[in-house]
Amino acid sequence: MCSNIAIGSYVRIKNQTDPILDLHGFNKAQALYALEKFLNHALLLGHCRLKIIHGQGKGILRSAVRNYLNDHPLVKGITLQSPVHCMAGMTIVEI
């Protein structure tokens, strides 16, 4: 649906059905900045479902991302749990 788009040095929307934002290696401030840009550009490109990869680790990015998304006006819903074990490191967002 879209081609590769670079937004600053943080966000890249891949050419896939559901755009993916990979936050591995980001600190909390960088991740939230990238997430905001990603949400806005995904909306402008007409996407309604996004995948945010934050990793499992200690849960710092996961908590920050999910708290941010819970209060975001563009977000209609988020998927927190899945029967698939690997989903613990990813949040799916509906906008």
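Numbers here simply count residues along the sequence, with the first being 1.
Taking every heavy atom of both residues into account, L23 and H54 meet most closely at CB-CA, 4.4 Å. The minimum heavy-atom distance linking Q30 with G25 is given by the pair OE1-O, 4.2 Å. Smallest separation of non-hydrogen atoms from Y68 and L39: CE2-CD1, 4.4 Å. Of all heavy-atom pairs between L61 and F26, the closest is CD1-O, 3.6 Å. Closest heavy-atom contact between I52 and F38: CD1-CE2, 3.6 Å. Nearest heavy-atom pair, R49 versus P19, reported as atom, atom and distance to 0.1 Å: O-CD, 3.4 Å.
Expressed to the nearest 0.5 Å, how far CE of M90 lies from CZ of R62 amounts to 13.0 Å. Annotation: the span from E36 atom CD to L69 atom CG amounts to 10.0 Å, rounded to 0.5 Å. In this structure, I95 CD1 and I78 CD1 are separated by 13.5 Å, a value rounded to the nearest 0.5 Å. To the nearest 0.5 angstrom, H41 atom NE2 is 12.5 Å from L50 atom CG. The CG atom of D22 lies 4.5 Å from the CD1 atom of I53; values are rounded to the nearest 0.5 Å. For the atom pair NE2 (H72) and CG (N40), the distance works out to 6.0 Å, reported to the nearest 0.5 Å.
There is no path of hydrophobic side-chain contacts, each under 4.5 Å, that joins Y33 to I60. Linking ILVMFWY side-chain heavy atoms closer than 4.5 Å, directly or via other members, places L74 and L35 in a single hydrophobic cluster.
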